[in-house]
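Okay, structure first, notes after.
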Amino acid sequence: MKSFLQDSIRKFKFEHRITLIYFIFGFLWILFSDKALDFLEPDDRLLTEFQTYKGSFFIVVTSAFLYAFVRRHMQSLRKVESQLIASEYKFSKLYENAPFGMVLTDNEFKFKNVNASFCAITGYSEAELLKLTFKDISHPDDLSKDVLNIQRLILKEIAVYKTEKLYIRKDSSVVWGALTVTAIYDSKDRFLYNLGIIEDITFRINSEKEIRKLNETLEQRVAERTTQLELVNKELEAFSYSVSHDLRAPLRHINGYVELLNNRFTDILPEKGKHYLKTIADSTNEMGILIDDLLNFSRTGRQEIQKAEINMNVLLQEALNLIKQDVHNRKIVWQIANLPMVVGDFNLLRLVWQNLLSNAVKFTRQNENARIEVGFVEEQHQYKFFVRDNGIGFDMQYAHKLFGVFQRLHSSSDYEGTGIGLANVRRIIDKHGGRIWAEAELNKGATFFFTLLKY
Amino acid sequence: MVKLKTILLVEDNPKDVELTLEALSEYNLANRVVVVRDGVEAMEYLQYKGEYHNRNKENPGVIMLDIKMPRMDGIEVLAAIRSDENLMLLPVVMLTTSREEPDLKRCYELGVNAYVLKPVNFKEFIEAVKHIGVFWALLNELPTEI
């Protein structure tokens, strides 16, 4: 019951509480003090005296109560006040020294308060800004959108308004700001002012513009280069077309007339003459092969690689079948490892094996115990394939010439070939992002290595 | 006796003409060959125009067409033949020096009957020309209206 009373009293505000207590106490005093006095002393003379004491006592007691109440209340008020002052100080320091601009504006967009950072952003002094409105320093392009949204904010249609906009500085230059606005209301829910926080993002915006511009010029340059390359490619194509046509035709004619001479006038031609004609025919054949090789090489260079997942064993077997047909009368020990799957161009990689294997076959010709080994080593990011033979090998000091166009390390009378095969192989491996090299020792054999990335 | 059909050889290079005729003469086909020097002349021959306006009304049994020629090239001739309703069914064999994938594709799109590379080696060349001549001028049967 007592605690209920206390709780009920606490619900009242301080001023109501004091009045209520005074009212109850005074009422009870009036109700009971005179009756108590009557009961104690009915003498009229003494009654007046007692009543004076009684009134004085009432005033003393109520004064004491009042003093105690007010004092306690004032103490708690002062405590709250000092906390408020500390907090206010803290926030005003934060406001003043914030690294971004902070402003308070009223419902007519007039600046009521601005901090140092905002002055720095806009180039105006605090006094100058306080005479201006938000509209005065906004870029006209952004203004209608900003005004509309801030009005919606005041009407509580939105809780916060964020935008990136242009401010016009005192010197008429423009500055990019990231603005965040919230509305502040008092305890009665009446609009007080808008709090705006403005971050200078000119550097960021300019950097973004710069990046965009750089990207555009880069794209443009790439496009230009691509066009140039396409043009060069087209020219190359036209070139190889005319090479293939214009160089072959005269060869065919030489060959044809030599053959006609041989057929029609064989009776009257001396042996020497026949020998000359045979030499002419051999040379034209040789040149025909050279032209074909060169054209194939240039085609490989221009060809786009068609990537697919490839079983190297199948590929190797196809290449081997072609080669074994030519060497069925030779005794060769083949040692072929089980090869991994790779990603690459089927036809081009088959050409690689064909070239490397036919070289191995060719250069082991003098060896009665020819032995050709095909294998691979798995490394962290790639496979290293190799073809090893025990043929005539070569002197390592000429190794750098191995993959050049029309470069040969053996005389063509001993070992036939135009010297384009390995140049082609290198192109193909390059196009696959791999590497090719060889290790050899004269008369002991050679090993050709090439790498392909794992996928 | 089998009636030998005419072979129209469209070739600008006189050496190639001579070598082709040599090859065809081995099978006695040379005397049935009509030689024109480029695509324009070929179309004049086929459409009875210019100096050919008086020739016998008869289409050749086969046309051997070189690709690289002045004025009108072989592919243009092929396109013109295939779009002429009097000529569209004529057998056309491209006889050319170079194997260029785009040419090959274009010719087959236009409905060529064969695409033959002139081999550098003369023996092979003779074989190739002979086969074309014998097959198209001798063995192949054409619908009567052409």
Side-chain angles (χ1 to χ4, degrees), chain A residues 230 233-266 269 274 276-304 306 347-348 418, chain B residues 9-28 30 33 35 37-39 64-70 73-76 94-107 115-133:
Chain A
E230 277 167 2
N233 242 349
K234 279 224 177 73
E235 273 171 14
L236 267 175
E237 236 156 85
F239 173 74
S240 69
Y241 183 96
S242 90
V243 164
S244 116
H245 193 276
D246 297 349
L247 287 188
R248 275 155 151 274
L251 273 183
R252 202 177 56 247
H253 300 150
I254 297 170
N255 212 303
Y257 286 102
V258 166
E259 205 58 39
L260 284 176
L261 262 179
N262 260 330
N263 290 348
R264 302 279 163 82
F265 305 101
T266 185
L269 267 179
K274 284 177 190 158
Y276 292 159
L277 283 181
K278 188 182 175 305
T279 312
I280 295 172
D282 286 350
S283 293
T284 53
N285 279 336
E286 203 177 300
M287 186 152 175
I289 293 166
L290 277 174
I291 291 171
D292 286 349
D293 280 356
L294 199 57
L295 283 176
N296 279 334
F297 180 65
S298 120
R299 277 205 194 100
T300 318
R302 282 175 285 127
Q303 206 172 327
E304 291 276 326
Q306 312 277 330
N347 289 322
L348 291 179
T418 53
Chain B
L9 176 63
V10 190
E11 172 66 69
D12 65 313
N13 189 315
K15 292 173 205 153
D16 271 315
V17 172
E18 187 179 356
L19 290 171
T20 309
L21 291 177
E22 285 286 348
L24 288 171
S25 70
E26 297 220 345
Y27 264 60
N28 295 324
V33 177
V35 180
R37 299 292 168 176
D38 61 38
M64 290 187 187
L65 248 186
D66 187 21
I67 289 189
K68 264 187 91 176
M69 289 185 295
D73 72 22
I75 293 176
E76 289 169 321
M94 306 310 286
L95 194 60
T96 179
T97 301
S98 56
R99 179 200 156 80
E100 284 295 320
E101 212 53 51
D103 284 355
L104 199 60
K105 190 163 172 282
R106 185 85 190 103
C107 286
Y115 191 104
V116 178
L117 278 184
K118 298 176 194 166
V120 168
N121 185 296
F122 188 62
K123 284 196 184 98
E124 293 167 23
F125 178 72
I126 288 179
E127 282 304 306
V129 171
K130 252 167 28 188
H131 279 124
I132 298 166

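Labels below follow one simple rule: chain letters A, B, ... track the order of the sequence lines, proteins then strands, and each chain is numbered from 1. Computed from a predicted structure; not experimentally measured.
- Ionic pairing of B/Glu124 and A/Arg252 is not present here: no N-O contact between side-chain nitrogen and carboxylate oxygen is shorter than 4.0 angstrom.
- The side-chain heavy atoms of B/Glu22 and A/Glu259, taken from C-beta on, include no pair separated by under 4.5 Å.
- What you find for A/His253 and B/Lys15 is that their closest heavy atoms are ND1-CD, 3.6 Å.
- Contacts of B/Asn13 with chain A are made by side-chain atoms alone, with heavy-atom separations under 4.5 Å and no backbone atom involved.
- Counting heavy atoms of neighbouring residues, nucleotides and ligands inside a 6.0 Å radius, atom NZ of A/Lys274 exceeds 12 of them.
- Environment of CZ in B/Arg106: sparse, with no more than 12 heavy atoms of neighbouring residues, nucleotides or ligands closer than 6.0 Å.
- Chain A forms more heavy-atom pairs under 4.5 Å with one residue of B/Glu18, B/Lys123, B/Lys68 than with any other, namely B/Lys68.
- Here A/Leu260 is the residue among A/Leu251, A/Asn263, A/Asn285, A/Leu260 with the most heavy-atom pairs under 4.5 Å with chain B.
- Looking only at side-chain heavy atoms (C-beta outward), A/Tyr257 and B/Leu19 come within less than 4.5 Å of each other.
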